Amino acid sequence: MEALKKTALHGFHISQKAKTVDFAGFHMPMAYAKLGTIKEHHYSRKVVSMMDVSHVGQFEIRGADRERFMEHITPVDFQKARHGQASLSMMMNERAGIKDDCMLTKMDDHLVMVLNGGCKDKDVAHIEDVLQNSPQTRGADVQFIPLERSLIAVQGPKAATILSEFVDGIPDMDFMSCRQKVNVKGMEVQLSRCGYTGEDGFEIAVSNEDVVPLVELLQSRHVELIGLGARDTLRMETGLNLYGNELSEETNPVALRLMWWISKRRMEEGGFIGHAALKHLRANATKGAVPQLRVGLVSTGPVPRRDTVIEVDGKEVGYVTSGVPSPTLKKNVALGFIDRAFADVGTKVDFVVRGRRVPAEVAKPPFLLPKYYRKPQ
């Protein structure tokens with residue numbers, strides 16, 4: 001078996017008595033002895049926390065054809081994006097199945113791309129194959145450059161207040177905006193106002209040499225470390241998808257109800273991989289092309305986990321992709337796919353948990369409204 005990789009913070013996690021697990025081929029902290037998963041979750045919602053997400057792939061994309069190339073690889077719309085603005089997008093196969101979701105940030109003379117840790121190797125191989133072999137992009141002036149640095153997510157209602165102690169202009173940063181070459185006590189970082197918890201927060205890209213001093217600085221301001229357990233319950237309360245669970249090459253943006261990720265211009269003009277299949281799926285969704293839709297589900301009692309069967313009147317109609325007990329809402333929340341006829345909010349269904357039917361109800365995610373910061377207009 002291939003040895004698990006370690007982030008630059010691995011030794012620090014061990015010193016903080018973290019329980020580590022295999023995640024995306026890395027040793028990653030599940031929770032820390034100081035708080036544990038439930039308290040880490042509540043601290044994130046009420047105060048501010050930080051998590052190591054350095055297992056993701058970070059890349060710079062340079063060259064005169066960088067935007068044209070990435071508009072072929074993904075349905076991102078760089079005509080709409082301002083400089084310093086990040087966009088959530090995806091890479092699809094020719095069937096419109098999702099190869100990975102990604103974050104793309106438009107800077108003055110380059111792009112920044114963030115890929116999921118578990119997908120980055122296959123993603124890079126796909127990107128390089130398209131760059132070298134696709135008739136639409138062969139010979140394009142594009143350089144795809146991996147960045148060897150760490151990434152820390154600082155999340156919670158106190159995030160902006162604490163970072164404002166070290167950085168000017170934090171209140172002027174809107175959700176999904178990005179600043180480069182920001183000085184934090186002598187450390188140069190890239191600062192993006194975004195995150196995966198539903199709270200206001202920031203992702204801080206920093207050199208591997210400076211990541212421990214940065215984390216220690218944040219700890220001195222009572223920013224607590226959290227692990228993958230709290231990360232999962234936080235993202236689930238806000239109804240956010242996870243690659244390998246909701247997102248996969250077998251699911252598509254229509255079934256996932258993620259067509260809002262793709263602008264009207266990109267759907268009309270096309271030019272991205274998977275466009276023809278996606279156009280067909282959308283046009284024929286109610287005619288059998290998309291028989292199941294992603295839904296939210298709520299229940300009490302035994303927790304529905306991944307692959308839990310969903311039934312109506314004893315007949316299997318769907319399956320769960322993610323399910324957790326919600327620490328904030330005090331009930332179970334889940335995401336899954338269900339036959340279109342039963343996808344309306346309020347539909348009563350059953351989970352089959354360890355051979356027992358557990359009553360549940362279709363709900364519309366997010367289960368907890370996000371608190372992303374939007375600048376007053």
Side-chain angles (χ1 to χ4, degrees), residues 24 53-94 98-153 173 175-182 188-196 202-208 243 247 249 253 261-263 265-266 269-275:
V53 290
S54 306
H55 61 293
V56 303
Q58 301 181 70
F59 302 86
E60 276 189 4
I61 306 168
R62 293 186 174 271
D65 299 321
R66 62 187 182 275
E67 292 188 10
R68 178 175 67 85
F69 175 69
M70 291 313 300
E71 285 201 350
H72 178 61
I73 286 282
T74 76
V76 70
D77 190 341
F78 285 123
Q79 288 188 16
K80 289 182 64 177
R82 302 181 303 275
H83 290 282
Q85 180 184 349
S87 301
L88 187 60
S89 193
M90 68 192 94
M91 291 186 289
M92 290 182 284
N93 58 33
E94 294 289 357
I98 298 178
K99 297 181 73 68
D100 198 6
D101 57 317
C102 58
M103 191 80 78
L104 283 160
T105 305
K106 180 178 181 177
M107 307 307 295
D108 289 343
D109 60 355
H110 67 282
L111 307 173
V112 177
M113 188 177 199
V114 178
L115 298 168
N116 278 307
C119 299
K120 60 187 177 185
D121 290 341
K122 72 178 181 73
D123 289 347
V124 170
H126 168 67
I127 290 167
E128 290 178 344
D129 177 65
V130 174
L131 183 59
Q132 295 170 14
N133 299 313
S134 173
Q136 294 93 325
T137 58
R138 190 183 298 123
D141 178 12
V142 177
Q143 296 87 50
F144 197 70
I145 306 164
L147 299 171
E148 298 298 329
R149 63 186 186 185
S150 297
L151 190 66
I152 303 300
M173 291 188 67
F175 179 58
M176 298 293 277
S177 65
C178 175
R179 290 167 56 190
Q180 293 192 309
K181 297 184 178 179
V182 175
E188 185 178 287
V189 308
Q190 175 183 293
L191 194 63
S192 302
R193 196 163 198 166
C194 61
Y196 204 60
F202 300 80
E203 290 187 350
I204 308 174
V206 60
S207 72
N208 291 335
Y243 195 88
L247 308 179
E249 294 207 42
W261 283 14
I262 306 173
S263 72
R265 176 183 77 85
R266 294 310 321 276
E269 295 181 7
F272 57 86
I273 296 170
H275 175 257

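The shown structure was predicted, so the numbers you read here are calculated from the model rather than taken from an experiment.
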side-chain contact (heavy atoms from CB on, under 4.5 Å) assessment of Gln143 paired with Arg62:
CA-CA 5 Å; Gln143 296 87 50; Arg62 293 186 174 271; 3.8 Å; yes
Could you tell me the separation between the [atom1] atom of [X] and the [atom2] atom of [Y], rounded to the nearest 0.5 Å?
X      : Y      : atom1 : atom2 : answer
His126 : Asp100 : NE2   : CG    : 10.0 Å
Lys106 : Cys178 : NZ    : SG    : 14.0 Å
Leu104 : Phe78  : CG    : CZ    : 5.0 Å
Thr105 : Arg179 : OG1   : CZ    : 14.5 Å
Ile73  : Ile61  : CD1   : CD1   : 9.0 Å
Glu128 : Asn133 : CD    : CG    : 11.0 Å

Nearest atoms (heavy-atom pairs only) where [X] meets [Y]:
X      : Y      : value
Arg68  : Ala140 : NH2-CB, 3.7 Å
Arg149 : Ser207 : CB-CA, 4.3 Å
Trp261 : Ser89  : CZ3-O, 3.6 Å
Met92  : Pro253 : SD-CG, 3.8 Å
Gln58  : Ala205 : OE1-CB, 3.6 Å
Cys194 : Met176 : CB-SD, 4.0 Å

Flag if over 12 foreign heavy atoms under 6.0 Å of CZ, Arg138:
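Correct, the count exceeds 12.
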Side chain proximity check, [X] to [Y], heavy atoms < 4.5 angstrom:
X      : Y      : result
Val112 : Gln180 : yes
Met103 : Glu203 : no
Met113 : Leu111 : no
Leu131 : Phe144 : no
Leu147 : Glu60  : yes
Pro75  : His275 : no

Is a side-chain donor or acceptor of [X] paired with a backbone partner of [Y] at a separation under 3.5 angstrom?
X      : Y      : result
Ser87  : Asp77  : no
Lys120 : His55  : yes
His72  : Phe272 : no
Lys122 : Lys99  : yes
Tyr243 : Ile98  : yes
Ser54  : Leu151 : yes

Salt bridge (charged side-chain N to carboxylate O under 4.0 Å, His left out) with Glu71: which of Lys80, Arg66, Arg265?
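The salt bridge (charged side-chain N to carboxylate O under 4.0 Å, His left out) with Glu71 is passed solely by Arg265 among Lys80, Arg66, Arg265.
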Tell me, with the steps shown, if Val142 and Met70 meet side-chain contact (heavy atoms from CB on, under 4.5 Å).
CA-CA 10 Å; Val142 177; Met70 291 313 300; over 6 Å; no
Pick out which of Leu247, Leu115, Thr74, Val114 makes a side-chain contact (heavy atoms from CB on, under 4.5 Å) with Asp101.
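The side-chain contact (heavy atoms from CB on, under 4.5 Å) with Asp101 is passed solely by Leu247 among Leu247, Leu115, Thr74, Val114.
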